[in-house]
Chemist: 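Quick one: this structure, given as structure tokens, is what I'll be asking you about.
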Amino acid sequence: MITLRHLLLYDGECSLCDGVVTVILKHNSKETIYFVSLQSDKAKQLHEQYKIDAAVDSIVFIRSDGRVYYKASAAAEICRQLHGIYSIGRLLPFLPFSDRIYDWIAANRYRIFGKKESCSLPSSEVKARFIHY
């Protein structure tokens with residue numbers, strides 16, 4: 001069976017983003033989502049390949065079919081891959097002002113949730129789902 005891989009570009013220095021990655025690892029039982037820190041060389045390559053604005057400093061979700069999602073739409077696409085209560089997040093883009101709320105949280109994420117000195121190192125069990133090159 002071939003597993004389709006989606007890529008999540010995330011801020012590896014953001015405590016909130018680290019928490020989101022942890023939730024995804026726990027609730028993406030089909031292991032279809034792989035992770036790329038925005039601080040990595042691979043993220044720079046993906047920015048060029050998919051014509052992602054270099055100013056984007058929060059999550060970007062690239063589906064295995066090449067479609068790219070940002071902000072609340074990215075969160076909704078991620079939630080489509082999760083099981084349990086988190087799958088309800090697929091409704092995010094339909095909420096009024098969802099991108100504005102996302103922008104506010106993204107702009108204040110370091111102040112509210114903190115900033116890390118560097119990206120967390122994944123455990124050996126999930127290390128293969130993190131792309132660093």
Side-chain angles (χ1 to χ4, degrees):
M1 175 182 207
I2 297 174
T3 302
L4 298 177
R5 294 182 180 180
H6 308 296
L7 298 176
L8 172 60
L9 281 66
Y10 69 100
D11 182 350
E13 297 175 347
C14 171
S15 295
L16 172 62
C17 298
D18 188 55
V20 167
V21 167
T22 300
V23 167
I24 293 169
L25 286 167
K26 186 174 181 181
H27 296 281
N28 179 228
S29 59
K30 294 183 181 177
E31 298 183 358
T32 55
I33 300 175
Y34 285 68
F35 306 94
V36 180
S37 168
L38 287 170
Q39 290 78 14
S40 71
D41 290 336
K42 182 63 175 177
K44 292 175 184 125
Q45 292 171 3
L46 291 167
H47 271 78
E48 291 175 20
Q49 180 179 348
Y50 289 96
K51 311 286 189 262
I52 298 168
D53 184 350
V56 172
D57 70 343
S58 56
I59 66 167
V60 177
F61 189 69
I62 304 171
R63 287 182 47 98
S64 61
D65 62 10
R67 288 185 279 175
V68 180
Y69 296 87
Y70 306 91
K71 301 181 182 184
S73 295
E77 285 299 313
I78 292 165
C79 289
R80 289 183 201 287
Q81 302 299 314
L82 305 180
H83 65 273
I85 189 71
Y86 296 99
S87 65
I88 198 165
R90 66 183 76 195
L91 301 175
L92 282 172
F94 301 108
L95 298 175
F97 309 110
S98 58
D99 276 344
R100 287 188 185 171
I101 294 166
Y102 181 92
D103 286 341
W104 184 86
I105 292 170
N108 294 287
R109 67 187 185 270
Y110 294 141
R111 186 173 52 80
I112 297 169
F113 300 100
K115 184 174 181 178
K116 302 163 83 171
E117 292 291 322
S118 62
C119 299
S120 296
L121 295 175
S123 67
S124 58
E125 294 86 25
V126 297
K127 191 173 186 172
R129 291 181 61 193
F130 288 79
I131 302 170
H132 297 287
Y133 56 90

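The first residue in the sequence is number 1, and the count goes up from there.
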Chemist: Which heavy-atom pair separates Ala43 from Ser37 by the least distance, and what is that distance?
Modeler: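 Closest approach of Ala43 to Ser37, heavy atoms only: CB-O, 3.2 Å.
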Chemist: So, taking the atom named CD1 in Ile33 and the one named CZ in Arg63, what distance separates them when rounded to the nearest 0.5 Å?
Modeler: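 So the gap between those two atoms works out to 10.0 Å.
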Chemist: Looking at every heavy atom in both Leu16 and Arg109, which two are closest together, and how far apart are they?
Modeler: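 Residues Leu16 and Arg109, closest heavy atoms: CD2-CB, 4.4 Å.
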Chemist: Who are the ring pair (Phe, Tyr, Trp, His ring centres under 6.0 Å) partners of Tyr102, not counting sequence neighbours?
Modeler: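 Per chain and number, Tyr102 pairs via ring pair (Phe, Tyr, Trp, His ring centres under 6.0 Å) with no residue.
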Chemist: Nearest 0.5 Å, please: how far is CZ in Arg129 from CG in Leu8?
Modeler: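 Reported value, rounded in 0.5 Å steps: 10.5 Å.
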Chemist: Suppose we screen for salt bridge (Lys or Arg N to Asp or Glu O under 4.0 Å). Which residues come up paired with Arg67, at least two apart in sequence or across chains?
Modeler: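 In terms of salt bridge (Lys or Arg N to Asp or Glu O under 4.0 Å), with neighbours along the sequence ignored, Arg67 is linked to Asp65.
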Chemist: Supply the atom-to-atom distance Ile131 CD1 to Arg5 CZ, rounded to the nearest 0.5 angstrom.
Modeler: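 Taking CD1 in Ile131 and CZ in Arg5, the distance rounds to 7.0 Å.
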Chemist: Among all residues two or more places apart in sequence or in another chain, which pass the salt bridge (Lys or Arg N to Asp or Glu O under 4.0 Å) test with Lys115?
Modeler: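 Here the qualifying residues are Glu13.
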Chemist: May I have all residue pairs that pass ring pair (Phe, Tyr, Trp, His ring centres under 6.0 Å) and include part of residues 48-85, sequence neighbours excluded?
Modeler: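 Matches after skipping sequence neighbours: His6-Phe61, His27-His83.
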Chemist: When clusters are formed by joining ILVMFWY residues with side-chain heavy atoms under 4.5 Å apart, either directly or through shared neighbours, do Leu82 and Val126 land in the same one?
Modeler: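 Yes, it is one cluster - the side chains of Leu82 and Val126 are joined through contacts under 4.5 Å.
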Chemist: How far does CG of Leu9 sit from CD1 of Ile62, to the nearest 0.5 angstrom?
Modeler: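 Taking CG in Leu9 and CD1 in Ile62, the distance rounds to 5.0 Å.
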Chemist: With sequence neighbours excluded, tell me which residues meet side chain to side chain contact (heavy atoms under 4.5 Å, CB included) with Ser15.
Modeler: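 Ser15: side chain to side chain contact (heavy atoms under 4.5 Å, CB included) contacts with Phe113, Lys116.
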Chemist: Hydrophobic cluster membership, with links at side-chain heavy-atom distances under 4.5 Å among I/L/V/M/F/W/Y: are Val56 and Tyr110 in one?
Modeler: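 Hydrophobic grouping puts Val56 apart from Tyr110.
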Chemist: Any side-chain heavy atom of Tyr10 sitting closer than 4.5 Å to one from Val21?
Modeler: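 Answer yes - side chains close enough.
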Chemist: Answer with yes or no whether the side chains of Thr32 and Asn28 bring together a donor and an acceptor at under 3.5 Å.
Modeler: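 Thr32 and Asn28 do have a side-chain donor-acceptor pair below 3.5 Å.
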Chemist: If you define the side chain from C-beta out and look only at heavy atoms, does anything of Asp11 sit under 4.5 Å from Asp18?
Modeler: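 When only atoms from C-beta onward are counted, Asp18 and Asp11 do not touch, as no gap falls below 4.5 Å.
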Chemist: Quick one: does Leu38's side chain get under 4.5 Å of His47's, heavy atoms only?
Modeler: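 Of all side-chain heavy-atom pairs linking His47 with Leu38, at least one is under 4.5 Å.
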Chemist: Any Lys/Arg nitrogen of Arg100 or Asp103 sitting under 4.0 Å from an Asp/Glu carboxylate oxygen of the other?
Modeler: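 No.
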Chemist: Yes or no on side-chain contact (heavy atoms from CB on, under 4.5 Å) for Phe35 and Leu25, after CA distance, side-chain angles and deciding distance?
Modeler: CA-CA 10 Å; Phe35 306 94; Leu25 286 167; 3.5 Å; yes
Chemist: Any side-chain heavy atom of Ile78 sitting closer than 4.5 Å to one from Ile59?
Modeler: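 They are in side-chain contact.
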Chemist: What pairs with Asn108 under side chain to side chain contact (heavy atoms under 4.5 Å, CB included), at least two apart in sequence or on another chain?
Modeler: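 Scan of Asn108 (side chain to side chain contact (heavy atoms under 4.5 Å, CB included), adjacent residues dropped) gives Trp104, Arg111, Ile112.
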